[in-house]
2 protein chains.
Amino acid sequence: MAMQANSEPRIPLSRDRVLQAAVAIADADGLESMTMRRIGVALGAEAMSLYYHVANKAALLDGIVELVMTEINDAVDQIDLPAADWKQATRRRILLAREVMLRHPWAPQLFETRTSPAVVVYHDRLVGLMHTGGLSYDLAHHGLHALGSRALGFSQELFDPSAGAGAVPDRMLADLADQVPNLVGMLSEVAHDDPDSTLGWCDDQAEFEFSLDLILDGLDRLR
Amino acid sequence: MAMQANSEPRIPLSRDRVLQAAVAIADADGLESMTMRRIGVALGAEAMSLYYHVANKAALLDGIVELVMTEINDAVDQIDLPAADWKQATRRRILLAREVMLRHPWAPQLFETRTSPAVVVYHDRLVGLMHTGGLSYDLAHHGLHALGSRALGFSQELFDPSAGAGAVPDRMLADLADQVPNLVGMLSEVAHDDPDSTLGWCDDQAEFEFSLDLILDGLDRLR
DNA sequence: ACCTGAACACCGTTCAAGT
DNA sequence: ACCTGAACACCGTTCAAGT
């Protein structure tokens with residue numbers, strides 16, 4: 001089925017090629033398209049062949065998390081900044097992590113269910129930055145919890161306050177105003193511009209930075 | 001297969017019975033055990049029968065989110081508190097929502113991928129509380145984003161800083177200290193007691209409240 | 001050492017057919 | 001109106017067998 005265009009000796013599979021192919025599929029078509037069979041055809045091989053290089057699908061997913069996380073760690077290590085200002089330093093790190101995450105919009109979902117050593121290393125550096133910056137270990141620890149997934153540059157929102165803001169038929173507007181009066185009031189006052197600026201997770205850059213600063217400022221005040 | 005113990009007329013299925021059965025299974029054995037076939041046997045019916053009361057599995061999951069969210073909204077409406085202090089009022093609401101969530105540890109995962117009208121209503125009330133308390137709509141809007149899933153009482157953490165803290169063999173400790181020196185330093189200083197106090201999501205009550213207060217205080221300061 | 005074919009257990013889902 | 005049997009397409013996975 002997966003036709004081999006020519007008869008050149010095929011590049012042998014490897015754990016890394018398998019992971020790369022899987023990431024490419026997720027980037028293109030989402031996580032749910034990333035099936036063993038689909039990865040197989042992308043590599044011109046059978047699904048069963050993958051099991052020689054990867055224990056099972058769970059291991060494959062772990063490997064992918066590690067891959068993306070390493071991409072982030074590499075990017076973040078490039079930063080050279082006088083770490084005097086811990087707030088500025090962690091802020092830049094986190095926003096850089098976010099840039100990588102934005103290239104892999106399916107990743108947050110994975111990161112929330114699996115951990116990899118590289119994730120732990122990333123947080124280790126963050127704690128280092130904080131502690132050098134004058135936060136006690138205890139406060140840095142609280143800070144890690146307060147940041148949660150935002151430390152890695154994303155925050156899964158539960159609903160988009162501005163969803164369908166512009167496209168509500170008149171007769172429904174009255175109902176809406178009845179059922180969620182405060183949101184209607186809020187939205188009529190707050191111009192939530194460019195709603196779909198940053199991918200599916202309704203979480204645009206400005207809101208992300210506001211929330212991040214709110215937390216960092218709060219921690220700094222407790223220093 | 002699903003044996004009918006006696007021959008009394010069986011209670012007919014209904015959308016609500018299907019949803020309740022599904023929730024019961026998730027509570028007992030987790031989300032991944034909640035298959036259509038399994039729900040069927042729990043109700044003494046065939047999996048295919050469910051499709052008469054529920055369009056498909058996606059609709060079923062939406063219904064479950066609505067069910068849990070209604071449970072939260074009902075609980076939260078019981079609170080009678082002078083809404084003078086917006087911070088105290090939202091704090092109590094959120095911690096009450098958390099109590100319900102803790103009874104359904106599988107729910108956070110679902111809430112992050114699906115929305116229901118009741119979720120929107122919940123946030124509407126939150127905005128109302130904030131606005132009455134003196135926050136501008138704009139600030140309340142930022143606040144919603146800053147709270148994120150914490151508004152509903154949970155926060156998916158990416159890893160447990162204290163995982164395996166007590167159970168590390170001596171010879172590995174040296175390696176660990178090499179690779180994540182800051183975490184090792186932090187943990188040796190911070191006694192992270194009762195690590196598994198609150199379910200699978202490594203997110204205990206004290207850390208949750210600390211982070212919540214950090215955000216609420218930050219918003220209050222911007223009022 | 002590396003890859004595959006055939007097969008298995010398990011999903012969600014459809015549809016014509018039963019009561 | 002409500003429920004079911006049989007069947008389909010699709011998963012992840014095993015394992016003996018091929019090169």
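Chain A is the first sequence line, chain B the second, and so forth, proteins listed ahead of strands; every chain is numbered from 1.
- Residue A:His53 places no side-chain N or O under 4.0 Å from the OP1 or OP2 atom of C:dA1.
- Distances shown here put every side-chain N or O of B:Tyr52 at or beyond 4.0 Å from the OP1 or OP2 atom of D:dC3.
- Stretches of at least 3 consecutive Watson-Crick or G-U wobble pairs, with each checked distance under 3.5 Å, appear in DNA chain C as C:4-8 with D:12-16, C:12-16 with D:4-8.
- Listed by chain and residue number, nothing satisfies the salt bridge (Lys or Arg N to Asp or Glu O under 4.0 Å) test with A:Asp74 (two or more places apart in sequence, or in another chain).
- Residues A:Phe210 and B:His145 keep their aromatic ring centres 6.0 Å or farther apart.
- B:His53 meets the side chain to side chain donor-acceptor pair (under 3.5 Å) test with no other residue; sequence neighbours excluded.
- The side chain to side chain donor-acceptor pair (under 3.5 Å) test applied to B:Ser116 returns B:Glu66, not counting sequence neighbours.
- Contacts between residues 13-28 of chain B and DNA chain C, defined by a heavy-atom separation under 4.0 Å, are absent.
- Take A:Asp27 and apply the side chain to side chain donor-acceptor pair (under 3.5 Å) test, not counting sequence neighbours, and it matches A:His104, A:Trp106.
- For B:Pro181, the side chain to side chain contact (heavy atoms under 4.5 Å, CB included) partners two or more places apart in sequence, or in a different chain, are A:Asp124, A:Arg125.
- When the salt bridge (Lys or Arg N to Asp or Glu O under 4.0 Å) test is applied to A:Asp213, the partners found at least two apart in sequence or on another chain are A:Arg91.
- The side chain to side chain contact (heavy atoms under 4.5 Å, CB included) test applied to A:Ala59 returns A:Ala55, A:Asn56, not counting sequence neighbours.
- Taking the side chain to side chain donor-acceptor pair (under 3.5 Å) definition, one finds that A:Gln109 meets it with nothing, sequence neighbours left out.
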Inset, instruction - Would you give a per-nucleotide map of nucleotides 10-16 of chain D, 5' to 3', where B means the base has a protein non-hydrogen atom under 4.0 Å away, S means only the sugar-phosphate does, and - means neither? - result: -BBBB--

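- Annotation: side chain to side chain contact (heavy atoms under 4.5 Å, CB included) contacts of A:Arg37 (sequence neighbours excluded): A:Thr35, A:Ala47.
- Protein atom CD of A:Glu46 is 10 Å distant from nucleotide atom P of C:dA6, rounded to whole Å.
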